[in-house]
2 protein chains.
Amino acid sequence: MARRRTTLKDVAEEVGVHTSTVSRALNPETRHFIRPEVAERILAVSERLNYRPNAAAYSLRTNKTRIIGVVIPDIANPVFPPIIRGIEDVLSERGYLAILVNSEPHNARHGAVLDALQSRGVDGLIMASLELGDSIIRGMIDDGLPAVTVNRRAEDADVPSVTNDEDQGMRLILEHLKALGHTRVANLAGPQSISTGKERFEAFRRHARAMGFDTSEDLVVFSQRLNEAEGERCAAELLDALSGFTAIVASNDRLAVGAISLLRRRGIACPAEMSVTGFNDMPMVDRFEPPLTTVRVQQYEVGRLAASMLMKRLDGGELEPSEEHIVVPVELVVRASTARVR
Amino acid sequence: MARRRTTLKDVAEEVGVHTSTVSRALNPETRHFIRPEVAERILAVSERLNYRPNAAAYSLRTNKTRIIGVVIPDIANPVFPPIIRGIEDVLSERGYLAILVNSEPHNARHGAVLDALQSRGVDGLIMASLELGDSIIRGMIDDGLPAVTVNRRAEDADVPSVTNDEDQGMRLILEHLKALGHTRVANLAGPQSISTGKERFEAFRRHARAMGFDTSEDLVVFSQRLNEAEGERCAAELLDALSGFTAIVASNDRLAVGAISLLRRRGIACPAEMSVTGFNDMPMVDRFEPPLTTVRVQQYEVGRLAASMLMKRLDGGELEPSEEHIVVPVELVVRASTARVR
DNA sequence: CTGTTAGCGCGTTCAC
DNA sequence: GTGAACGCGCTAACAG
C-alpha cells in the first residue's frame with residue numbers, strides 16, 4: 001500500500017513512447033494528433049496501470065485547478081443547502097469541484113479564509129457571504145479572480161450576482177395581507193448591512209405606502225442577525241413597544257419562526273390574533289405549526305444559475321450586460337400563519 | 001488586473017537574496033537558519049508584495065494538499081449540514097480545506113467522483129456516503145489514502161468510523177413506548193444495505209423481543225430510501241396490510257415525518273390514535289406538527305470527531321484500537337408525536 | 001504524427 | 001547562514 005502513483009512517465013515507458021505523446025493521447029482535445037492505434041494502446045495501458053493525472057502538476061503548469069471556492073455564512077442555516085446543491089450539481093457536470101467554507105464577513109477569520117482560497121488557486125469564487133460595505137471581494141476580483149455572488153449582492157454594481165426578486169416578494173406579501181383586511185402591519189426587518197435585508201426593508205416601505213398601510217416608523221424593528229432567537233427578541237420588542245398591529249412581516253423565515261415562538265409563549269394565537277409571514281420558503285416550513293405563509297425563492301435554481309454564470313466567465317465569455325445581474329422570480333405561498341383580520 | 005501573482009523569486013529579488021533563503025525565512029520550522037534581521041526584511045517585503053505561496057507548487061513538491069474530501073449523499077438532507085459544519089470547523093482550525101461532494105453509492109458517477117478526489121490529491125477522505133457491500137473505500141485506503149466514515153460505517157472493521165449509538169437509541173424508544181402502554185408496534189425500517197438501517201432494525205428486533213413486544217414479522221416494512229415520500233409509501237403499506245398496532249417506529253426522522261403526513265391524510269390522529277417516533281433529531285423537528293419524539297444524535301459533534309480522527313491519522317499517529325471506532329452516545333427526546341395508548 | 005526541450009513555483013539536498 | 005542545483009509531474013512550443 002501507499003505505493004507510488006503511476007505517472008505519465010510510467011505509462012510512456014510501458015508503451016514505449018514519449019510522455020508528451022501519452023499526454024496528448026489522454027487529452028481528448030489533442031488526441032487526434034496521435035495515430036489511433038497508438039492512442040488505443042496508451043489508453044489501454046494507462047487504464048491497466050490505473051493512471052490518475054496529478055492535479056498539482058497540472059495546475060502548476062496551466063494555472064487552473066478546476067476548483068471553485070464557495071463561501072457561505074453557515075451551512076447549518078437551512079436556506080443554504082439547496083443553493084449549495086445547485087452549485088455543486090453544475091460544477092460537477094463540468095468537471096469542477098467545490099471547496100466549501102463557512103464564514104461570515106464580520107468574522108475575524110474571514111479575510112484569512114479568503115486568502116487560503118486564493119492561495120489554493122481556486123479558479124473562481126461563489127460568495128453568499130458578504131456585506132454591503134465589503135471591499136474584500138472587490139480586491140479579489142481586482143486580483144483577477146472571477147467571482148459571483150448568490151442570494152446577496154455586492155455594493156459594486158460590477159460584481160455579477162444572482163439574487164431573488166425581493167421587491168416582488170414583498171409586494172406579494174403586502175397584497176396578500178391587504179386582501180385579508182390588515183391595515184397596520186409591523187416589519188421585522190433584517191440587518192441593513194446585507195443587501196437582502198436592505199432591499200426587503202425598502203420594498204416593504206415603498207409598497208406599504210403605495211397600498212395605504214399605516215407607515216409609522218415605530219412599526220419597524222431591525223434585527224441584528226438572521227436567526228430564530230433574534231426573531232423572538234425583535235418580536236418581543238415590537239409587542240412591548242406598541243399594540244394595535246395585526247401582522248408581522250419578517251425579513252426571512254427564521255425570524256418569522258422565532259416571532260411565532262414568542263407569540264405562542266405569550267399566549268397570542270397565530271394566525272387568529274396575529275398573522276406572521278416569512279421569506280425564503282426554507283425546506284420543511286410547510287410542516288411547522290402553523291405552516292408558514294412565505295415567499296418561495298428558487299434556492300436550488302439560484303445556485304445553479306450562479307454556478308453557470310461563473311462557468312461562462314471561466315470559459316472566457318464576457319457576460320452580456322443583461323446577464324451580469326440575474327434576478328430570479330419568486331412566488332407567494334399562502335399557508336396557515338396568516339388569516340383574515342378579525 | 002489579473003496581474004501575475006508574486007512568487008518566491010519576486011520576493012528574493014526585491015530583498016536581494018536567494019529564493020531558498022526566502023523559502024526558509026517564511027517557513028516557521030526553518031526560520032531559525034536565517035539571520036533575524038534578514039528574516040525580518042523578508043517577512044516585510046513578502047507582506048508588502050502580498051506574497052501568497054502557490055499551493056500547486058507546494059503540493060507537487062510535498063505531495064500534500066491540505067485538502068480533505070468530504071463525500072455525503074445529499075447536502076439537502078437536513079441531517080448532514082450540522083455534520084459538515086463540525087467537520088469544516090475542525091479542518092479550518094488546522095489549516096485544512098474541505099472539498100464537498102454530493103454522491104450516493106448507487107449513483108453511476110460515484111466511482112468517477114471519488115477518482116476525481118483522488119486525482120486532486122486530497123490528503124484524506126471523510127465518507128458519509130457508503131453502503132455495506134461497498135469496496136470502493138477499501139480500494140482507496142489500500143492506495144494509501146487515509147479515510148474515515150461518519151454516521152455510517154463500512155463492512156470492513158478496519159475502516160475507522162464515528163457513529164451513533166443506534167442500539168441504545170432503539171432501546172430508549174422502545175422503553176418509552178412500553179411505558180406508554182404500547183405492546184404492538186410496527187417498524188418502518190431503513191434500507192438494509194446501509195449500516196444505520198441494518199443496525200437500527202436489528203436493535204429494534206432484539207429489544208422488542210427482550211421487552212415482550214409482539215414480534216410478528218409482518219410488523220416490519222423495509223424502506224428503499226430515506227425520505228418523506230418513502231415514509232408515506234411504507235406507512236401506507238403497513239396500514240393496508242394489517243391493523244391493531246398502536247405505534248410506528250421509523251428508522252429516521254424523514255421516514256417518520258412522511259408517515260405522519262400519511263396518517264393525517266387518512267384521518268388517523270397522531271399521537272392520539274397512532275404514536276410515531278423518529279431517529280436523528282434533525283434541526284427543526286421540534287417545530288413540526290406534532291413535534292417529533294425522536295432520538296437525538298450529536299450531529300455536529302460526530303462531524304468534529306470524524307475530522308479530528310482524520311487529522312490524527314494525518315499527523316502520523318496510528319490510532320489506538322479504542323479510537324478506531326467511536327460510538328457517540330444518544331438521548332431520547334420526548335415530544336408530542338407519542339402518547340399513552342388508549 | 002511524434003520526440004525534445006523547457007519551465008510552471010516550490011522545498012530540499014548539497015556545497016560553501 | 002546562505003546560494004546553487006535539482007526535480008516533483010505535467011503541458012506547450014518547437015522540431016522534425
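Just so it is clear: chains get the letters A, B, ... in the order the sequence lines come, proteins before strands, and each one is counted from 1. Only this structure's heavy atoms are used, side chains among them; waters, hydrogens and symmetry mates stay out.
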Q. Which residues satisfy the salt bridge (Lys or Arg N to Asp or Glu O under 4.0 Å) test with A/Glu37, sequence neighbours excluded?
A. A/Arg35

Q: Could you pull out all residues at least two apart from B/Gln118 that satisfy side-chain hydrogen bond (donor to acceptor under 3.5 Å, both in side chains)?
A: B/Asp143

Q) Taking five pairs at each end of the helix from C/dC1-D/dG16 to C/dC16-D/dG1, what angle separates the two helix axes (nearest 10°)? A) 40°

Q. How does protein reach along nucleotides 11-16 of chain C, written 5' to 3' as B (base within reach of a heavy atom under 4.0 Å), S (only sugar-phosphate), or - (no contact)?
A. BBB---

(Q) I need the full list of side chain to side chain donor-acceptor pair (under 3.5 Å) pairs touching residues 303-312 of chain A, with sequence neighbours left out, sorted by first then second residue. (A) A/Glu93-A/Arg304, A/Tyr300-A/Arg304, A/Lys312-A/Glu323

Q.
Taking side-chain hydrogen bond (donor to acceptor under 3.5 Å, both in side chains) as the definition, give me every residue that meets it alongside B/Asp123, ordered by chain and number, with sequence neighbours left out.
A. B/Thr65

Q) What side chain to side chain donor-acceptor pair (under 3.5 Å) pairs are there with at least one residue in residues 23-34 of chain A, not counting sequence neighbours? A) A/Ser20-A/Arg24

Q) How far apart are the closest heavy atoms of B/Asn151 and B/Thr163, and which atoms are they? A) O-CG2, 3.5 Å

Q: Round to a whole Å and report the spacing from CG of A/Asn54 to P of C/dG9.
A: 16 Å

Q.
Using whole Å, what does the distance between atom C1' of nucleotide C/dC1 and atom CZ of A/Arg41 come to?
A. 14 Å

Q.
In this structure, how many angstroms lie between the P atom of C/dG9 and the CZ atom of A/Arg120, rounded?
A. 18 Å

Q: Taking heavy atoms of chain B and a 4.0 Å limit, find me the 5'-most and 3'-most nucleotide of DNA chain D within that range.
A: D/dG1 to D/dG9

Q: Name all residues meeting the side-chain hydrogen bond (donor to acceptor under 3.5 Å, both in side chains) criterion together with B/Glu14; count only those two or more places apart in sequence or in a different chain, and write none if there are none.
A: B/Arg48

Which atom pairs, one a donor and one an acceptor, fall under 3.5 Å between side chains of residues 76-83 of chain B and the rest of the protein, sequence neighbours left out?
residue, atom, partner, partner atom, Å
B/Asn77, OD1, B/Val79, N, 3.1

(Q) Just to verify, what does A/Glu104 make a salt bridge (Lys or Arg N to Asp or Glu O under 4.0 Å) with, not counting sequence neighbours? (A) A/Arg225

(Q) By nearest heavy atom, map B/Pro36 and B/Leu60 onto DNA chain D; which one lands nearer the 5' end? (A) B/Pro36

(Q) Going by the rule side-chain hydrogen bond (donor to acceptor under 3.5 Å, both in side chains), which residues pair with A/Asp74 if we only count those two or more places apart in sequence or in a different chain? (A) B/Arg85

